[in-house]
Amino acid sequence: MSYQELTNKSNILRSRIIETSSLSGTPHLGSCLSCVDILVALYFGELNIDPNNPNDPLRDRFILSKGHGAPALFQVLAMCGFYPESWLNDYGKDGGIFAEHPPTPDHLAGIEAATGSLGHGLPIGLGMALAGRIQSKQFNVYAVLGDGECNEGSVWEAAMLAAAQKVSNLCVFIDFNKWQATGRSEDMMALNSLSGKWQAFGWNAIEIDGHNYAQILAALNTFKLENTRPTAIIAHTIKGKGVSFMQDDNNWHYRIPTADEVKMAKHELGIVS
Ligand SMILES: Cc1ncc(C[n+]2csc(CCOP(=O)(O)OP(=O)(O)O)c2C)c(N)n1
């Protein structure tokens, strides 16, 4: 798929995510928008998955460890064909499948782990990657973590074990948007050098622009050449990416867009409907 086609998909997804947030009155919009390009590159340029055979034992696994970005994951799975996009009209409704975080895998095709309590996705993914190796199954495990999520001790426990076990079929993206729920990540618990930390834990650490498809896909190729180390892709991103009045403004961690703001955002994204 060309970079232009990937960009078109990300614009559509951003627009749908913003509409969903507005209609359902649910937060985490900035968090979703910062990881859309990573998800698009993975789902349309990398993952070996088949919506018609979602439980194939040889499929690649993807875990959104920063589970509060669920609307982005739900929309990309719909776009891939795991279920009709219309199902997302029920997002955030009482009794529905689409809550603010990914449900357990038996509730929705394409979901590999129920996440939302930060710090769990990488340990779960490590377990899957180890299981694949033990069973001689050729698949890769990918996870997206937030930079604030890296404050969780369980992330570093899993990071140590993955390197010690030379789990080279495991690749994590850190959606490094420099914010967390209530402030700058650097002020909450300084992370720099984030790539230096992953390297010190024995990982192949790569720093990229997380909105640049050429760089995301090149990093994924580097991951696939690794035989002895897990890979951490430190993706520099912008919270709220794609909409001028949301970009790098952490109020959009919680704010719900009004109907007028949805219209303005869609206009900026080039989406007419
Ligand atoms: C264990 C745990 N503690 C607190 C929260 C509440 N929480 C939800 S999102 C968030 C901020 C996460 O920041 P980051 O990982 O940087 O993601 P971003 O939204 O900035 O992309 C927090 C603290 C949580 N979900 N899980």
Side-chain angles (χ1 to χ4, degrees), residues 10 13-14 17-18 20-21 24-42 62-76 91-92 98-104 111 113-126 142-159 172-195 197-198 205 207-211 216 232-243 246-257:
S10 69
L13 283 169
R14 285 191 164 93
I17 292 163
I18 292 164
T20 304
S21 170
S24 60
T26 55
H28 304 138
L29 195 40
S31 317
C32 291
L33 298 182
S34 71
C35 66
V36 164
D37 297 312
I38 297 168
L39 295 186
V40 166
L42 280 168
F62 173 78
I63 297 174
L64 185 66
S65 193
K66 48 170 272 187
H68 57 287
L73 178 61
F74 292 151
Q75 292 288 357
V76 85
Y91 177 83
F98 297 101
E100 279 183 33
H101 298 93
T104 51
I111 299 291
T115 51
S117 186
L118 297 168
H120 290 180
L122 175 55
I124 295 169
L126 169 59
Y142 302 82
V144 170
L145 279 69
D147 54 346
E149 184 177 6
C150 291
N151 293 358
E152 299 287 346
S154 50
V155 170
W156 300 102
E157 187 180 344
V172 305
F173 279 86
I174 311 300
D175 178 1
F176 196 7
N177 60 32
K178 327 291 185 299
W179 288 106
Q180 45 189 278
T182 52
R184 280 283 182 203
S185 297
E186 193 61 16
D187 297 335
M188 300 292 162
M189 200 188 295
L191 286 168
N192 281 329
S193 151
L194 188 52
S195 63
K197 285 189 172 51
W198 288 93
E207 284 199 59
I208 61 161
D209 172 347
H211 302 302
I216 301 171
I233 301 173
I234 316 302
H236 292 274
T237 56
I238 299 171
K239 206 157 174 171
K241 171 72 179 178
V243 179
M246 294 181 184
Q247 287 193 166
D248 208 28
D249 176 354
N250 205 38
N251 285 312
W252 290 98
H253 190 88
Y254 291 118
R255 260 205 65 185
I256 314 298

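Both counts, for ligands and for their atoms, begin at 1 and track the order of listing. Quick note: numbers below take in every heavy atom, side chains included, and nothing from hydrogens, waters or symmetry partners.
Under the 6.0 Å cut-off for aromatic ring centres, His253 and His28 qualify, their centroids lying closer than that.
Looking at heavy atoms from C-beta onward, Phe74 lies out of side-chain contact with Thr20 at the 4.5 angstrom threshold.
With sequence neighbours excluded, no residue satisfies salt bridge (Lys or Arg N to Asp or Glu O under 4.0 Å) with Asp147. Looking at residues two or more places apart in sequence or on another chain, you find a salt bridge (Lys or Arg N to Asp or Glu O under 4.0 Å) between Asp248 and Arg184. In terms of the side chain to side chain contact (heavy atoms under 4.5 Å, CB included) criterion, residue partners of Ser193 (sequence neighbours excluded) are, by chain and number, Ser195.
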Exercise answer, ligand 1 polar atom pairs (N/O) under 3.5 angstrom:
{"from": "ligand 1", "atom 1": "15 (O)", "to": "Gly148", "atom 2": "N", "distance (Å)": "3.4"}
{"from": "ligand 1", "atom 1": "15 (O)", "to": "Glu149", "atom 2": "N", "distance (Å)": "2.9"}
{"from": "ligand 1", "atom 1": "16 (O)", "to": "Asp147", "atom 2": "OD1", "distance (Å)": "2.6"}
{"from": "ligand 1", "atom 1": "16 (O)", "to": "Gly148", "atom 2": "N", "distance (Å)": "2.7"}
{"from": "ligand 1", "atom 1": "16 (O)", "to": "Trp179", "atom 2": "O", "distance (Å)": "2.9"}
{"from": "ligand 1", "atom 1": "17 (O)", "to": "His68", "atom 2": "NE2", "distance (Å)": "3.4"}
{"from": "ligand 1", "atom 1": "19 (O)", "to": "Ser31", "atom 2": "OG", "distance (Å)": "2.7"}
{"from": "ligand 1", "atom 1": "19 (O)", "to": "His68", "atom 2": "NE2", "distance (Å)": "2.7"}
{"from": "ligand 1", "atom 1": "19 (O)", "to": "Lys239", "atom 2": "NZ", "distance (Å)": "3.3"}
{"from": "ligand 1", "atom 1": "20 (O)", "to": "Asn177", "atom 2": "OD1", "distance (Å)": "3.3"}
{"from": "ligand 1", "atom 1": "20 (O)", "to": "Asn177", "atom 2": "ND2", "distance (Å)": "3.4"}
{"from": "ligand 1", "atom 1": "20 (O)", "to": "Trp179", "atom 2": "O", "distance (Å)": "2.8"}
{"from": "ligand 1", "atom 1": "20 (O)", "to": "Lys239", "atom 2": "NZ", "distance (Å)": "2.8"}
{"from": "ligand 1", "atom 1": "21 (O)", "to": "Lys66", "atom 2": "NZ", "distance (Å)": "2.8"}
{"from": "ligand 1", "atom 1": "21 (O)", "to": "Asn177", "atom 2": "ND2", "distance (Å)": "2.9"}
{"from": "ligand 1", "atom 1": "25 (N)", "to": "Gly116", "atom 2": "O", "distance (Å)": "2.8"}
{"from": "ligand 1", "atom 1": "26 (N)", "to": "Leu118", "atom 2": "N", "distance (Å)": "3.1"}

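Among Lys239, Lys66, Lys241, the one residue that satisfies the side chain to side chain contact (heavy atoms under 4.5 Å, CB included) test with Cys35 is Lys66.
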